[in-house]
There are 2 protein chains.
Amino acid sequence: MAEVTASLSIGQIAERTGLSVHTLRFYEQEGLFVSPVRRGPGGRRSYTEDDVDWLTVCIILRASGMPLPALRRYTDLVREGAGNEEERLALLREHHGRVTSQIDRLTQSLDLITFKVGVYEDLLEQDGRAAGPGRRRPSGGGDVPASRPGTSA
Amino acid sequence: MAEVTASLSIGQIAERTGLSVHTLRFYEQEGLFVSPVRRGPGGRRSYTEDDVDWLTVCIILRASGMPLPALRRYTDLVREGAGNEEERLALLREHHGRVTSQIDRLTQSLDLITFKVGVYEDLLEQDGRAAGPGRRRPSGGGDVPASRPGTSA
DNA sequence: GGTTGACCTAGAGCCGACTCAAGCTCCTAG
DNA sequence: CTAGGAGCTTGAGTCGGCTCTAGGTCAACC
């Protein structure tokens with residue numbers, strides 16, 4: 001129950017988070033740390049487990065496409081402490097919306113891709129065996145040699 | 001049934017696809033057109049409906065994160081015509097995989113975001129009414145004023 | 001005949017998010 | 001004592017994907 005918050009070097013943080021030391025310094029400079037990064041002997045950065053936790057959140061937000069300025073804003077709000085929860089919520093909600101619509105867009109795109117994959121699979125399969133009209137797809141995904149152009153989307 | 005493939009100007013294409021004229025010229029330069037863009041009087045680009053169809057595919061592939069070089073490669077394969085379907089399929093499959101894993105990542109991220117939104121909603125709601133312990137979440141998403149640090153991820 | 005407006009080219013510029021380079025300070029091990 | 005390795009700072013470079021500028025052509029309209 002003691003564990004007086006062991007301090008971690010930038011290298012250790014890099015290893016734990018998967019971010020590069022470059023990126024860690026860059027993030028610091030961009031104001032993405034809630035509490036200022038302490039310095040140990042020789043001016044070396046010294047981090048805590050809390051920093052790792054926070055970075056984990058940052059990484060997830062970044063992975064979901066939150067731009068650095070937004071992440072920075074969020075960090076600022078958290079640093080300011082209690083009293084701005086509405087704004088934090090608003091920010092998170094907005095991001096939530098963007099992520100869901102991004103997932104939607106991707107899912108839609110995936111439909112086309114899946115379709116095209118299927119078209120080529122059929123094409124190659126029936127190319128392999130002699131002939132014989134097996135299950136075919138509605139056609140229209142062959143991209144170019146469609147003889148009558150206009151259906152190649 | 002006639003419709004001798006009316007030719008469209010770059011401006012019309014821009015309007016139809018939502019790409020800017022800049023981007024259309026840029027894409028052409030990047031080799032993202034299957035057939036070379038024809039030129040009308042005065043050297044003006046003249047497109048067909050087929051180009052629109054192809055661009056639509058390109059837009060979807062781009063929207064799902066396919067990098068320009070990959071898109072270019074795919075375009076090259078299509079331009080070359082029949083005989084390279086395996087490679088097209090491989091390319092599409094690879095992209096398919098990347099898109100699905102991207103969707104997975106986003107969905108995971110969304111979980112955290114949703115959770116945090118919930119935390120702040122609860123917090124603000126119970127802040128609004130006097131007190132009374134309504135349904136609460138397991139806590140741990142409050143970011144910073146957690147008194148005992150180390151649980152703020 | 002002057003002024004739009006859409007188009008052309010070549011090439012520069014921009015933005016986001018890193019990523020690296022140069023030159024320095026420490027500390028530790030051999 | 002020196003070589004290596006981790007860290008430091010400032011500032012520049014990179015990459016992907018556009019986006020814009022400058023300077024010009026051409027056709028149409030008033």
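The structure presented is a predicted model; accordingly, all values stated were derived computationally and were not measured. Order of the sequence lines sets the chain letters (A, B, ...), proteins ahead of strands, with each chain counted from 1.
Contacts with DNA chain D (heavy atom under 4.0 Å) in residues 10-19 of chain A: A:I10, A:G11, listed by number.
Side-chain N/O atoms of B:Y27 include none lying less than 4.0 angstrom from OP1 or OP2 on D:dG17. Between A:R44 and C:dT25 there is no side-chain polar atom (N or O) within less than 4.0 angstrom of OP1 or OP2. Of the side-chain N and O atoms in B:R45, none sit less than 4.0 angstrom from OP1 or OP2 of C:dC7. Contact check, A:S20 against C:dC18: no side-chain N or O comes under 4.0 Å of OP1 or OP2. Remark: B:R39 is not in phosphate contact with D:dT25, judged by side-chain N or O atoms under 4.0 Å from OP1 or OP2.
Using modelled atom types, one finds a donor on one side chain and an acceptor on the other under 3.5 Å when comparing A:Q102 with A:R105.
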List the steps, then state whether side-chain contact (heavy atoms from CB on, under 4.5 Å) holds for A:R39 with A:R45. CA-CA 4 Å; A:R39 297 304 180 110; A:R45 289 173 179 81; 3.4 Å; yes
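Rounded to an integer number of Å, the gap from CD of B:E28 to P of D:dG17 is 18 Å. If you take OH of A:Y47 and P of D:dG7, they are 9 Å apart, rounded to a whole angstrom. The CG atom of B:L24 sits 13 Å away from the C1' atom of D:dT19 (whole-angstrom rounding). Remark: C1' of D:dT9 and CZ of A:R25 are 9 Å apart, rounded to the nearest angstrom. In this structure, A:H22 atom NE2 and D:dA12 atom P are separated by 17 Å, rounded to whole Å.
Looking at heavy-atom distances under 4.0 Å, B:P41 makes no contact with the nucleic acid at all.
Salt-bridge check for B:E86 with B:R93: failed, with every basic side-chain N at 4.0 Å or more from each acidic carboxylate O.
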